[in-house]
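Reviewing the structure listed below.
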Amino acid sequence: METQIDYWQAHALLEWQVDLGVTEAIMDAPVNRYELPDHKPKSAKAQAARQAGQAPVNPGPKPSRAEEGIEIASRLAKGATSLEALREALAGFEHCDLKRGARNLVFSDGNPKARVMIVGEAPGRDEDIQGKPFVGRSGQLLDKMFAAIGMDRHSPDSEHGLYITNPIPWRPPENRDPTPAEIAMLKPFLIRHIELADPDVIVLMGNWACTALLGRAGITRLRGNWQTVLGKPAMPMTHPAYLLRNPIAKRDAWADLLDIQARLRGAS
């Protein structure tokens with residue numbers, strides 16, 4: 001004999017089950033979950049491909065934002081056939097968050113036909129305001145250093161000119177260090193920049209230039225020892241900001257400058 005319950009009794013029983021932790025509605029017919037398949041049913045697209053005798057395409061994991069940024073940066077950089085085109089591609093690149101907090105794109109300064117190309121670090125406050133690399137106190141010292149061996153960023157002569165850029169074209173907030181992800185994302189632009197400028201000698205000015213192009217840091221150990229970047233001789237040097245804090249290191253910087261001068265004369 002069936003027991004009849006009214007609405008309120010049924011409601012009370014339902015509340016009791018919810019209080020016990022029941023989260024799934026009871027169906028009309030029982031389900032033996034031990035007999036359910038271990039895999040999910042195939043999608044209609046996969047079933048159609050199987051019926052057509054084709055192997056279903058596995059799209060693989062979705063790339064992360066950083067990976068997607070590197071892929072887009074590589075495509076844009078390779079497509080640039082001039083420095084101006086590269087600058088426009090970098091200005092239109094929206095995948096680096098540094099761009100949102102910076103005032104200006106810091107692309108380059110100096111003579112793009114110069115035999116010497118300097119790769120610095122991330123822009124600071126003065127560089128962000130003016131949109132040029134090395135324009136603050138560090139830039140003034142840099143100019144004096146290379147003037148001592150007869151080189152000037154304002155010289156129209158490729159023999160005595162300088163061309164300057166950074167691995168990071170936007171100022172990091174509060175002058176923090178760039179992250180490895182930011183360096184990796186923007187590296188394709190830096191590589192293409194060097195290829196298009198085609199200098200005889202590259203100067204890696206500081207740790208972040210070495211990190212970006214050599215994959216190593218430790219400028220006090222690297223400085224003064226010639227390296228190779230894209231088949232070109234590259235000299236790591238201590239950054240002028242370091243020299244301002246440690247004047248005694250200027251002696252080593254002078255030795256590096258003389259080494260660069262000798263390399264250029266030997267390659268002439």
Side-chain angles (χ1 to χ4, degrees), residues 80-87 90 105-124 126-127 130-169 189-206 208-210 212-214 219 222-244 247 249-268:
T81 57
S82 67
L83 290 173
E84 185 58 35
L86 183 67
R87 182 190 184 99
L90 191 52
L105 169 72
V106 181
F107 184 70
S108 68
D109 194 21
N111 184 351
K113 298 185 181 299
R115 297 182 64 195
V116 174
M117 182 175 185
I118 299 173
V119 179
E121 297 193 336
D126 295 323
E127 289 77 14
Q130 298 189 37
K132 294 181 179 181
F134 281 105
V135 294
R137 290 183 63 212
S138 296
Q140 295 170 11
L141 180 55
L142 178 82
D143 290 340
K144 291 179 181 178
M145 290 165 58
F146 279 89
I149 60 171
M151 308 192 78
D152 183 352
R153 72 170 88 186
H154 302 296
S155 173
D157 179 12
S158 62
E159 191 72 26
H160 300 97
L162 289 172
Y163 187 56
I164 308 172
T165 190
N166 288 325
I168 302 293
F189 292 108
L190 177 61
I191 295 295
R192 188 59 178 153
H193 204 153
I194 295 171
E195 291 173 345
L196 291 170
D198 194 25
D200 291 337
V201 170
I202 302 170
V203 178
L204 307 177
M205 197 64 78
W208 293 113
C210 293
L213 292 172
L214 300 178
I219 191 62
L222 289 169
R223 62 137 298 269
N225 298 298
W226 285 99
Q227 307 290 328
T228 301
V229 173
L230 299 178
K232 300 179 181 297
M235 170 61 79
M237 290 185 65
T238 48
H239 196 278
Y242 177 83
L243 300 179
L244 289 171
K250 291 181 180 180
R251 177 179 56 188
D252 293 332
W254 175 240
D256 297 340
L257 288 168
L258 293 177
D259 208 357
I260 292 170
Q261 185 182 55
R263 175 63 68 101
L264 289 169
R265 287 174 176 173
S268 298

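What you see below is based on every heavy atom in this structure, not just the backbone, and it leaves out hydrogens, waters and symmetry mates.
Residue R137 holds its CZ atom at 11.5 Å from CG of L243, rounded to the nearest 0.5 Å. Rounded to the nearest 0.5 Å, atoms CZ (R115) and CG (D198) are 11.5 Å apart. Interatomic distance, SG of C210 versus NE2 of H239, reported as 11.0 Å (0.5 Å rounding). Residue I118 holds its CD1 atom at 7.0 Å from CZ of F134, rounded to the nearest 0.5 Å. Within the model, atoms CG of L230 and OG1 of T228 stand 10.0 Å from one another, a figure rounded to the nearest 0.5 Å. Separation of atoms CG (L257) and CE (M235) is listed at 9.0 Å; rounding is to 0.5 Å.
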- Task: Go through the steps to decide whether M151 and L264 satisfy the test side chain to side chain contact (heavy atoms under 4.5 Å, CB included), and finish with yes or no.
- Result: CA-CA 12 Å; M151 308 192 78; L264 289 169; 4.1 Å; yes
- Evaluate the side chain to side chain contact (heavy atoms under 4.5 Å, CB included) criterion for residues T238 and D252: first the C-alpha distance (whole Å), next the side-chain angles of each, then the deciding distance (0.1 Å), finally the verdict. CA-CA 9 Å; T238 48; D252 293 332; 6.0 Å; no
- For the pair I168 and L190, evaluate side chain to side chain contact (heavy atoms under 4.5 Å, CB included) and give the outcome as yes or no after the intermediate values. CA-CA 8 Å; I168 302 293; L190 177 61; over 6 Å; no
- Item | Evaluation steps, side chain to side chain contact (heavy atoms under 4.5 Å, CB included), between E121 and M205 | CA-CA 7 Å; E121 297 193 336; M205 197 64 78; over 6 Å; no
- Message: Pair W226, D259 - check side-chain hydrogen bond (donor to acceptor under 3.5 Å, both in side chains), show working.
- Response: CA-CA 9 Å; W226 285 99; D259 208 357; 3.3 Å; yes
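Under the salt bridge (charged side-chain N to carboxylate O under 4.0 Å, His left out) test applied with D256, the options R263, R251, R223 reduce to a single match, R223.
Inter-residue side-chain proximity for L222 and L204 is flagged as unmet; no heavy-atom pair is nearer than 4.5 Å. T165 is listed as a side-chain neighbour of M117, based on a closest heavy-atom distance under 4.5 Å. Between P236 and I219, some side-chain heavy-atom pair lies under the 4.5 Å cut-off. Side-chain contact between L83 and R87 is absent, with no heavy-atom pair separated by less than 4.5 Å. Two residues are said to be in side-chain contact when any heavy atoms from C-beta on lie closer than 4.5 Å; P233 and V201 meet this criterion. For the pair P167/L213, no side-chain contact is recorded, criterion being any heavy-atom separation below 4.5 Å from C-beta on.
Listed for the K232 side chain is no donor-acceptor partner under 3.5 Å among the backbone atoms of I202. The backbone N or O of V135 lies less than 3.5 Å from a partner atom in the side chain of E127, making a donor-acceptor pair. A donor-acceptor pair under 3.5 Å is formed between the side chain of N111 and the backbone N or O of S155.
Shown here are the side chain to side chain donor-acceptor pair (under 3.5 Å) partners of W254, two or more places apart in sequence or in another chain: there are none. Under the ring pair (Phe, Tyr, Trp, His ring centres under 6.0 Å) criterion, H193 pairs with F107, Y163, not counting sequence neighbours.
Taking all atoms of both residues into account, the shortest heavy-atom contact from P112 to G110 is CD-O, 3.3 Å. When every heavy atom of R153 is checked against every heavy atom of G139, the shortest pair comes out as NH2-O, 3.8 Å.
The residues R192 and E195 are annotated as salt-bridged, a charged nitrogen and a carboxylate oxygen being separated by less than 4.0 angstrom.
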